[in-house]
Amino acid sequence: MRNRVAVLNVMIDVITMKEAVRKVEQFIDLQKPHLVVTPNAEMIMMANEDKYLSQIINNADLVVPDGAGVVWAAHYNGDVMPERVAGYDLVQNLLAAAAMQKYRIYMLGGAPGIVDKARLAAEERYPGVQIVGTHHGFFTKSDESEIVSSIKVCRPDILLVALGVPRQEKWLSEYSGQLEVPVAIGVGGTFDVMAGIVRRAPLWMQNAKLEWLYRLISEPKRAIRMLALPRFVMRVIASKKKMVC
Ligand code: UDP
């Protein structure tokens, strides 16, 4: 039985980083397709406006709390949520496990050139890791069947897909039946960080739950998108008030 809690109608697994890695390893052992989703506050707000996205998340096999806001919301609602399981950190832990267990990884997404830089970074950081294929994420519908075939030929255990939310989740939902990959994960801007073109907030800011502020300062073009954060906080507070009344 899965232990999940609802954050604005999106079901999130109550899980630690260590347990999430273990779960992914179990999915690989099962050799059947599994989808892992990593929602933050922005994605949850999007899912509240997009029924298809919310169905994909709520039917996914593992949904980890990517953002500090999600952990805050669960706690505010009186639910247990042991820790933040950031998508970027989950990928790093899985790459480390992959190097040890010889899991095969395919990286799809990011700008042309960036995914290959991310691959080099992974190979340097996790010696022995098998990245069995890469493809950038700027393709059209007509390229998709070729990409799906190339992923199948490479037989990855884990498929990392960085096409941005919600495209990556919808792409995976459309193709997961054909891909024959045990674990597929939407990983957003992970390859950009691995390639060194985007920096993550320093650890003290992550610990102070200020990663959103760092992103706002370092990527001001995200400001409009990030308006979802205060709206998320207000909606969580309002929905709890409604429950209490
Ligand atoms: N991207 C892509 N194809 C597209 C649009 C975006 O491969 O058509 C990539 C983009 O280069 C970036 C990632 O998707 O590497 C999205 O990163 P972002 O930080 O915006 O992720 P999100 O916040 O949506 O999770």
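Numbers for residues simply follow the sequence, beginning at 1. Every number for a ligand or one of its atoms is a count from 1 in the order of the listing.
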query: Using a threshold of 4.0 angstrom between heavy atoms of the protein and any atom of ligand 1, which residues qualify?
result: G109, G110, A111, G137, F138, A162, L163, G164, V165, R167, G188, G189, D192, R215, R222, R225

field: Stepwise side chain to side chain donor-acceptor pair (under 3.5 Å) check, T38 with Y88
entry: CA-CA 9 Å; T38 68; Y88 176 85; over 6 Å; no

message: In terms of relative ring orientation, are F139 and H135 parallel, tilted or perpendicular, with 30° and 60° separating the classes?
response: perpendicular

field: Option among D89, T190, D192 that satisfies the side chain to side chain donor-acceptor pair (under 3.5 Å) test with R200
entry: D89

query: Among side-chain atoms of Q130 and Y103, is any donor-acceptor pair under 3.5 angstrom?
result: no

message: What I want to find out is whether R231 reaches E42 closely enough, with some N-O distance under 4.0 Å, to be called a salt bridge.
response: no

query: Hey, are Y214 and Q206 close enough side-chain-wise for a donor-acceptor pair under 3.5 Å?
result: no

